[in-house]
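Working notes, beginning with the structure itself.
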Amino acid sequence: MATLTDLLAEHTTLSAPAAEHLQRLVAEWQLLADLSFADYLLAVPGTSGSIVYVAQVRPNTASTVFPRDEVGHRVDQPASIQGANPLMSAALASGAIEREGIASRFGHLLIERVAVPVSFDGEVIAVLGRAGDASDSRPPSPLESAYRDASEALCRMVVEGSFPLDEANTLGLSTPRAGDGFIRIAAGGNVTYASPNALSAVHRMGWSTDLGGSRVDEVLAALLTDPFESADAGAMVVAAAGSLGDGTLPPADMALRMELDARRATVLLRAVPLRSAGQSRGAILLIRDVTEVRRRDLALISKDATIREIHHRVKNNLQSVSALLRLQARRSGQPETVAALNEAVRRVSSIALVHEMLSGSVDEEVDLDAVIDRLASSLVDVWLPDGGTRVTVRRDSRLGVLPADLAMPLVMVLTEVIQNSIEHGFTPGQDGAEIVIGAQRDVRALRVTVTDNGQGLPDGFDLRTSNHLGLQIVNTLVSNDLGGVIALVGAPSGVGTLAQLDIPLR
């Protein structure tokens with residue numbers, strides 16, 4: 001499906017700043033739809049003279065009146081398709097909000113239609129078509145009246161080009177919805193209406209009385225324990241409500257969203273200034289109780305820190321085991337015992353290396369490239385028993401990041417395969433002995449290759465029937481832990497051996 005950027009580029013010749021203004025409007029217009037209890041369509045005049053719908057939003061506070069997706073539809077005659085707003089052309093021409101005098105019948109619904117021109121730098125660049133259900137004849141509730149009053153103020157700001165605001169949100173805080181908690185503030189800074197959810201959030205913070213008539217900056221000053229946070233929140237509310245009396249909008253670098261910690265609760269607060277014709281119309285405060293969310297975040301942070309500490313301690317314990325095995329190997333006089341103990345040291349060290357990586361990870365994932373490079377550096381100076389052959393181990397492609405449950409057995413498999421090549425793959429005194437680790441990866445599978453330039457496999461070699469302990473470990477890990485397959489064959493160059501491991505990615 002085409003994006004808003006694609007549709008604007010295809011159907012209009014808008015400048016980059018004008019297109020960016022429409023992008024910001026679409027990013028914020030869910031608030032408009034919720035406060036209006038209505039669907040909105042964003043339409044732009046196309047290059048062929050027709051009107052094109054480029055975005056659509058449905059309300060969370062009411063049922064949609066547009067059951068199908070209208071985005072991308074071209075409207076040569078505004079009333080020619082289902083759901084089209086016949087006032088859009090008039091609004092584009094007049095630059096003023098156009099309304100139907102009488103609600104129109106649409107199926108079993110009565111639809112109230114409004115067209116709101118979108119201005120940028122004094123020029124109408126688009127139009128918002130609003131359509132809401134007008135079938136309910138009951139008097140509006142106080143909440144509905146407060147919502148609709150705020151939506152009309154925002155629509156006037158859209159016409160003037162002052163909504164949405166250039167707002168500093170350096171912390172990347174999310175946007176509370178109108179249904180989370182809605183507070184309407186008059187130009188003087190006093191509360192004229194607070195929704196039940198907003199009252200619940202403020203009461204959770206510690207406020208025990210009604211909010212009606214109160215000044216929100218004073219309420220926050222009484223509830224917040226941090227004096228700097230209290231001062232910042234009060235300044236934000238005062239600036240948004242226009243309590244200073246100058247009717248200007250808050251500066252673009254002023255934060256209009258804050259997360260506030262009270263004695264008993266944490267809330268996310270957003271201020272939306274309302275201005276028209278150079279006069280302050282007060283502000284909207286949207287408030288969401290995020291106490292449980294933050295409590296869970298803290299619990300996850302604590303759990304994550306505990307898991308990393310466990311990995312760190314496991315790594316330390318494995319290193320202690322390696323040290324004890326090395327000590328035992330030095331005290332042993334039997335060559336076979338020394339070799340077996342050194343193999344055990346190598347295997348334990350590879351597991352310890354993965355735990356070391358996990359102790360510094362925040363998401364239980366392992367950077368395989370970093371692990372393989374560490375392994376290669378530890379093996380690069382290994383000498384064969386003949387004392388004259390040096391083997392170089394290097395990686396020529398990226399393996400990427402894997403979850404710990406796959407990374408652990410994969411590292412052990414690669415360690416065994418590399419060590420097997422070092423011990424059995426080269427002739428004494430061979431020059432340029434090299435092992436190369438490669439990889440191919442997509443979203444479904446990972447293929448890892450280990451290629452050496454040694455003497456190749458012995459005649460009649462079969463990986464499945466080999467009695468070598470390291471290769472038996474490889475077979476077990478690949479089939480049971482990785483769910484993959486491994487093959488040892490002659491290298492494509494005709495010299496050496498290729499180990500190819502294919503594992504599925506979950």
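The figures that follow rest on heavy atoms only: side chains count, while hydrogens, waters and symmetry mates do not. The structure displayed is predicted, hence computed values, not measured ones.
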Is a donor on one side and an acceptor on the other found under 3.5 Å between the side chain of [X] and the backbone of [Y]?
X    : Y    : result
S151 : R148 : yes
R58  : F66  : yes
W207 : T209 : yes
Q30  : V57  : no
S119 : V159 : yes
S397 : A439 : yes
S280 : G282 : yes
T64  : P67  : no

Separation of [Y] [atom2] from [X] [atom1] (nearest 0.5 Å):
X    : Y    : atom1 : atom2 : answer
R130 : D39  : CZ    : CG    : 11.5 Å
L410 : T415 : CG    : OG1   : 9.0 Å
T291 : R264 : OG1   : CZ    : 10.5 Å
E144 : R138 : CD    : CZ    : 8.5 Å
L286 : T175 : CG    : OG1   : 8.5 Å
L406 : L446 : CG    : CG    : 9.0 Å

Problem set entry | For R288, side-chain hydrogen bond (donor to acceptor under 3.5 Å, both in side chains) partners two or more places apart | S174, D180

Problem set entry | E152/R99 under salt bridge (Lys or Arg N to Asp or Glu O under 4.0 Å): CA gap, chis, key distance, verdict | CA-CA 12 Å; E152 290 300 322; R99 306 175 189 273; 2.7 Å; yes

Please find the pair of heavy atoms, one from [X] and one from [Y], that lie closest to each other, and give the distance.
X    : Y    : answer
A96  : P117 : O-CD, 3.4 Å
A221 : S230 : CA-OG, 3.1 Å
S276 : R156 : OG-NE, 3.8 Å
P504 : G483 : CD-O, 3.3 Å
I111 : E100 : O-OE1, 3.9 Å
Q56  : D69  : OE1-OD1, 3.1 Å

With a 4.5 Å heavy-atom cut-off, do [X] and [Y] have their side chains touching?
X    : Y    : answer
L399 : L414 : yes
L25  : L128 : yes
M88  : Y53  : yes
V116 : L32  : no
V411 : V366 : no
L35  : I284 : yes
L256 : P273 : yes
D226 : D261 : no

Exercise. Given the rule in the side chain to side chain contact (heavy atoms under 4.5 Å, CB included) test, do R441 and L505 qualify, once you have shown the distances and angles that lead to the verdict?
Worked result: CA-CA 9 Å; R441 181 171 181 170; L505 297 180; 3.5 Å; yes

Problem set entry | Where at least one partner belongs to residues 14-28, residue pairs that pass side chain to side chain donor-acceptor pair (under 3.5 Å), sequence neighbours excluded | T5-Q23, H21-R24, R24-D166, E28-R257, E28-R270

Exercise. Which pairs pass salt bridge (charged side-chain N to carboxylate O under 4.0 Å, His left out) with one or both residues in residues 197-211, sequence neighbours excluded?
Worked result: R204-D289

Exercise. Do the charged groups of R177 and D34 touch, with an N to O distance under 4.0 Å?
Worked result: no

Problem set entry | Parallel, tilted or perpendicular: ring planes of Y193 versus F182, cut at 30 and 60 degrees | tilted

Problem set entry | Chi angles and distances behind the side chain to side chain contact (heavy atoms under 4.5 Å, CB included) call for V202, L223 | CA-CA 9 Å; V202 176; L223 293 176; 4.2 Å; yes

Exercise. Between L269 and M236, is a side chain to side chain contact (heavy atoms under 4.5 Å, CB included) present by the stated rule, with each step listed?
Worked result: CA-CA 10 Å; L269 187 68; M236 178 186 75; 3.7 Å; yes

Which of these passes side-chain contact (heavy atoms from CB on, under 4.5 Å) with [X]: [options]?
X    : options          : result
R215 : V191, V237, V238 : V238
L402 : D367, L368, V371 : L368
V314 : L318, N316, N317 : L318

For this session: Decide yes or no on side chain to side chain contact (heavy atoms under 4.5 Å, CB included) for I125 and V44, but give the supporting numbers first.
Result: CA-CA 7 Å; I125 59 173; V44 294; over 6 Å; no

Exercise. Under 3.5 Å, is there a donor-acceptor pair between the N197 and S195 side chains?
Worked result: no

